[in-house]
There are 2 protein chains.
Amino acid sequence: MRAVDADEKVDRQARILDAVLRLLSLQGISGVSMRAVARAAGVSLGLVNYYYEDKTSLIRAALHRIEEQDIALVEPDPALEPEERLRAALKRVADPEFLTTEYLSLRLQLWALAQAHEDFERINTEAQERYRAGLAELIRAARPGLPRGECDRRAADINVIQNGLWLTALLGLDHASIGRSVARCEEIALAE
Amino acid sequence: MRAVDADEKVDRQARILDAVLRLLSLQGISGVSMRAVARAAGVSLGLVNYYYEDKTSLIRAALHRIEEQDIALVEPDPALEPEERLRAALKRVADPEFLTTEYLSLRLQLWALAQAHEDFERINTEAQERYRAGLAELIRAARPGLPRGECDRRAADINVIQNGLWLTALLGLDHASIGRSVARCEEIALAE
DNA sequence: AAGGGCATTGAACGGTCGTTCAAACACTCG
DNA sequence: CGAGTGTTTGAACGACCGTTCAATGCCCTT
């Protein structure tokens, strides 16, 4: 059982952060207490405070973790042509891998947190802007003739629909309207 | 000062609920404690528990209050022709009156709560369905020739964009993309 | 073997939480 | 006036919260 032991021991800090994300997604911020996090991560209360100065920095770390995932969504896939690259990125947001209740609920909780806490709002806004810029860049690569302003506009419009798509997927489960919305995003992005 | 005194006295129960909505919007669920609510409403701690059995029923009451506002958004305006009625309803969601940070933040907090608490989720889903049904009915009245399924489909698609619109308005403040999204909703709704 | 530096633990602190409840208040009716 | 009814208050309870910290365990170096 060496490997399992090692797995369980390695990087307790990461396991603590995982536990935060899990609890936040399932129970909301009310369910995230230092003790609950410690319990869910299988470590002692003291260790949570050892790795994270206080609760605020713990949540902040969770926010940054989600931010990385968001940016990865518009990371260009180098194996594809520009247009297919864009299509792939647009489809990725409706991928079952990302459209899980756990992930979407987590996003929602973080957005809710951003509303209540100025510090978190800044992190969130920056992430949103980086995402939108990445999307605009993908459009520009796929439609080189478009002026930059038009690319930004399209990225913004797509962003609106994608946000709605995520929210709708979370609140109800209307798969058909999600598919149609992805198609609508492609239309907006690739119009000549 | 009779009138003011009366105003301040009348319906303390309603003032308590107002305080909940205000706190929830501004500080999230973490800011809503029985004591904070009492303080914000200008009543004693005991009175909050007098009118609301426990904290859960207090939040539940807040959810129902928001639900009423949502349904009112698609309430047909009898003074208008069917098509204008629909346009009015679609424009209403982007009305500055509803697009305030306070109101949107409140919605977000309630959605976040619905994820964490089964009881709240049910209330929320029902409200969402009633809203969507109201929207489909408006479309049917404006385009009587359309089959019912197509109306439902359009209502669902519009709902996705509107959710995104609200969320985008809350996270950033891209007014231009909001205007374009409202126009897109009209196109979807009124296509022949 | 002894020492030193991280990692890890859980008890303890003061504070806030939700809930309960006896007491005080305001008001109407007889 | 006094009895009765519905409001309103704030103290008190036990539970849980975030944070601190002395003590312990573990592993590498000398």
Side-chain angles (χ1 to χ4, degrees), chain A residues 1-24 26-63 109 112-113 116-120, chain B residues 1-24 26-63 109 112-113 116-120:
Chain A
M1 298 300 248
R2 279 279 309 284
V4 171
D5 281 3
D7 267 12
E8 296 219 333
K9 282 232 162 192
V10 170
D11 218 349
R12 315 254 251 187
Q13 182 163 12
R15 279 176 52 203
I16 290 172
L17 200 51
D18 284 342
V20 173
L21 297 176
R22 206 161 49 242
L23 282 174
L24 198 51
L26 288 173
Q27 314 195 46
I29 187 62
S30 307
V32 183
S33 70
M34 300 301 261
R35 282 170 179 80
V37 169
R39 209 176 310 126
V43 302
S44 71
L45 170 61
L47 198 64
V48 180
N49 273 292
Y50 176 77
Y51 281 119
Y52 299 92
E53 199 189 349
D54 52 20
K55 193 177 174 179
T56 301
S57 35
L58 183 58
I59 305 288
R60 197 164 22 227
L63 264 166
Q109 300 298 336
L113 276 176
H117 199 299
E118 200 169 333
D119 211 26
F120 301 155
Chain B
M1 298 297 250
R2 279 277 309 285
V4 171
D5 281 3
D7 266 13
E8 296 220 335
K9 282 229 161 191
V10 169
D11 219 349
R12 314 255 246 187
Q13 182 163 13
R15 279 176 54 204
I16 291 172
L17 200 50
D18 284 342
V20 173
L21 296 176
R22 206 162 50 244
L23 282 174
L24 198 52
L26 288 174
Q27 315 195 45
I29 187 63
S30 308
V32 183
S33 69
M34 301 301 263
R35 281 171 181 78
V37 169
R39 210 176 311 126
V43 302
S44 71
L45 170 61
L47 200 64
V48 181
N49 274 291
Y50 177 76
Y51 281 120
Y52 299 93
E53 197 187 352
D54 53 21
K55 194 177 174 180
T56 301
S57 36
L58 183 59
I59 304 290
R60 199 167 16 226
L63 265 165
Q109 300 297 338
L113 276 177
H117 200 299
E118 201 169 332
D119 212 23
F120 301 155

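Predicted model, so just to flag it, every value in this text is computed and none were measured.
- Of the inter-residue distances, the one linking B:S44 atom OG with B:R12 atom CZ reads 8.0 Å to the nearest 0.5 angstrom.
- For the pair A:Y52 OH and C:dT8 P, the interatomic distance rounds to 12 Å; values are reported in whole Å.
- As rounded to whole Å, 13 Å separates atom C1' of C:dC6 from atom CD of A:Q13.
- Whole-Å rounding puts the A:I59 CD1 to D:dC17 C1' distance at 14 Å.
- Here the C1' atom of nucleotide D:dT7 and the CZ atom of B:R15 are 14 Å apart, to the nearest Å.
- Here the CG atom belonging to A:N49 is positioned 8.5 Å from the OG atom belonging to A:S57, to the nearest 0.5 angstrom.
- Residue B:R12 places at least one side-chain N or O closer than 4.0 Å to OP1 or OP2 of D:dT9.
- With rounding to whole Å, A:R35 atom CZ is found 16 Å from C:dT16 atom P.
- Atom CG of B:D54 and atom P of C:dT20 are 8 Å apart (whole Å).
- Atoms OH and CD, on A:Y50 and A:Q13 in that order, are 9.5 Å from each other to the nearest 0.5 Å.
- Put simply, CE on A:M34 is 14 Å from P on C:dT9, counting in whole angstrom units.
- The OG1 atom of B:T56 sits 4.5 Å away from atom NE2 of B:H117, with the distance rounded to the nearest 0.5 Å.
- With rounding to the nearest 0.5 Å, the separation of CD1 in A:I29 from CG in B:L113 is 12.0 Å.
- Remark: P of D:dC16 and NZ of B:K55 are 15 Å apart, rounded to the nearest angstrom.
- Remark: B:S33 is not in phosphate contact with C:dT16, judged by side-chain N or O atoms under 4.0 Å from OP1 or OP2.
- The stretch residues 38-51 of chain A touches DNA chain D through A:L45, A:N49, each having a heavy atom within less than 4.0 Å of the strand.
- Here the shortest heavy-atom pairing between B:V43 and B:V48 reads CG2-CG2, 4.2 Å.
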